[in-house]
A.B. asks: 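Below: one structure in structure tokens.
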Amino acid sequence: MERVVVIDFETTGLSPAQGDRATEIAAVIVHNGSVLDRYQSLMNAGVSIPSHIQNLTGISSAMVRAAPSAARVMREVFEFVGDLPLVAHNASFDSKFWDAELERLGLHRRQAFACSMLLSRRILPQAPSHKLEALAEFAGLPSKGRFHRALADAEMAASLLLRLEEELGRQFGVHDVSHALLRRIQKAPKQELRRILDELPERTPPTIMSAR
DNA sequence: TGCCAGGCCCTCTTTAGGGCCTT
């Protein structure tokens with residue numbers, strides 16, 4: 001797969017439209033089955049963190065007060081990500097915060113998101129839950145640290161993405177999956193997924209390695 | 001006082017309701 005960036009936000013709540021702000025972000029560049037580079041930082045948006053969120057993430061108001069400004073962090077991660085396509089687990093959530101935090105700086109998103117949750121619902125429909133933590137256990141992915149911290153969750157979502165890519169090859173014979181194809185798959189009606197993948201020009205039969 | 005997210009997806013559906021998932 002082309003290089004993609006898996007991102008994860010920790011925030012003060014669920015909705016930037018309701019005044020919630022980002023408190024931490026991580027971005028992981030993935031290419032050819034492995035992590036090439038990482039960015040992670042807490043950020044100070046000048047807000048306090050509700051107690052139930054502190055309990056969930058372990059991120060306290062004191063921790064973000066000591067962190068660099070949200071503006072500085074978002075500019076850094078915007079540069080780090082560049083034009084690479086984005087992936088997140090439940091991307092409708094992270095894309096809202098990505099757009100809202102950039103908007104405050106007069107910046108705008110340059111690329112589309114793919115969603116590892118929507119993909120896992122199609123490629124691993126037998127999983128008992130499609131929460132990131134539950135999928136990690138279901139798929140036997142190695143631990144990346146405490147869940148609900150940005151870098152651990154971004155790395156876990158990256159591992160999940162690589163597993164999903166393997167499953168596309170194993171189940172459907174689809175290899176070298178592009179970000180654009182991931183977005184097609186995540187939007188495909190479940191009942192039509194196999195037909196859609198069978199008709200892909202990208203689909204290639206398993207290759208036979210020849211000795212040189 | 002009472003309200004307070006929103007997109008996806010399933011079903012007892014489409015003139016709707018409710019669970020999942022993110023913090």
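Throughout, a chain's letter reflects where its sequence line sits, starting with A, and its residues are numbered from 1. Computed from a predicted model, the values in this text were never measured in an experiment.
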A.B. asks: Taking B:dG6 as the reference, what is the distance to B:dG2 when you measure between their P atoms (whole Å, please)?
C.D. replies: 23 Å
A.B. asks: Could you check whether A:S129 gets within reach of a base, just the sugar-phosphate, or nothing at all, counting any heavy atom under 4.0 Å?
C.D. replies: sugar-phosphate
A.B. asks: Which whole number of Å gives the distance between the P atom of B:dC4 and that of B:dG17?
C.D. replies: 15 Å
A.B. asks: Could you measure between the two P atoms, the one in B:dC8 and the one in B:dC3, and give it in whole Å?
C.D. replies: 27 Å
A.B. asks: Under the criterion side chain to side chain contact (heavy atoms under 4.5 Å, CB included), which of A:I7, A:V5, A:I25 is the partner of A:V77?
C.D. replies: A:I25
A.B. asks: Do side-chain atoms of A:Q171 reach the backbone of A:I123 as a donor and acceptor pair under 3.5 angstrom?
C.D. replies: yes
A.B. asks: For atom P, what is the distance between B:dT15 and B:dC21, given to the nearest Å?
C.D. replies: 28 Å
A.B. asks: Using a 4.0 Å heavy-atom cut-off across all strands, classify A:T57 as base, sugar-phosphate, or nothing.
C.D. replies: sugar-phosphate
A.B. asks: Base, sugar-phosphate, or nothing for A:D153, non-hydrogen atoms under 4.0 angstrom?
C.D. replies: sugar-phosphate
A.B. asks: For chain A and DNA chain B, what are the first and last nucleotides along the strand, 5' to 3', with at least one atom under 4.0 angstrom from a heavy atom of the protein chain?
C.D. replies: B:dA5 to B:dT23
A.B. asks: Taking all heavy atoms of A:V64 and all of A:I49, pick out the closest pair and write down the distance.
C.D. replies: CG1-CD1, 3.9 Å
A.B. asks: So what does A:F9 hit on the nucleic acid, given a heavy-atom distance under 4.0 Å: a base, only sugar-phosphate, or nothing?
C.D. replies: sugar-phosphate
A.B. asks: Taking A:Q111 for the side chain and A:G82 for the main chain, is one N or O donor matched with an acceptor at less than 3.5 Å?
C.D. replies: yes
A.B. asks: Parallel, tilted or perpendicular for A:W98 and A:F113, by the 30°/60° rule?
C.D. replies: perpendicular
A.B. asks: Rounding to an integer number of angstrom, what distance separates B:dG7 and B:dT13 when you compare their P atoms?
C.D. replies: 24 Å
A.B. asks: Charged N to carboxylate O under 4.0 angstrom, A:R75 versus A:E79?
C.D. replies: no
A.B. asks: Which residue lies toward the 5' end of DNA chain B, A:F93 or A:K96, if each is placed at its nearest nucleotide?
C.D. replies: A:K96
A.B. asks: In whole Å, measure the gap between the C1' atoms of B:dA5 and B:dT23 for me.
C.D. replies: 11 Å
A.B. asks: Counting any heavy atom closer than 4.0 Å, what does A:D20 reach on the DNA or RNA strands: base, sugar-phosphate only, or nothing?
C.D. replies: nothing
A.B. asks: Assign A:E133 to base, sugar-phosphate, or nothing according to its heavy-atom contacts below 4.0 angstrom with the strands shown.
C.D. replies: nothing
A.B. asks: Taking the nucleotide of DNA chain B with the nearest heavy atom to each, does A:K190 or A:S92 sit closer to the 5' end?
C.D. replies: A:S92
A.B. asks: What residues, two or more places apart in sequence or in another chain, satisfy salt bridge (Lys or Arg N to Asp or Glu O under 4.0 Å) together with A:R170?
C.D. replies: A:E167
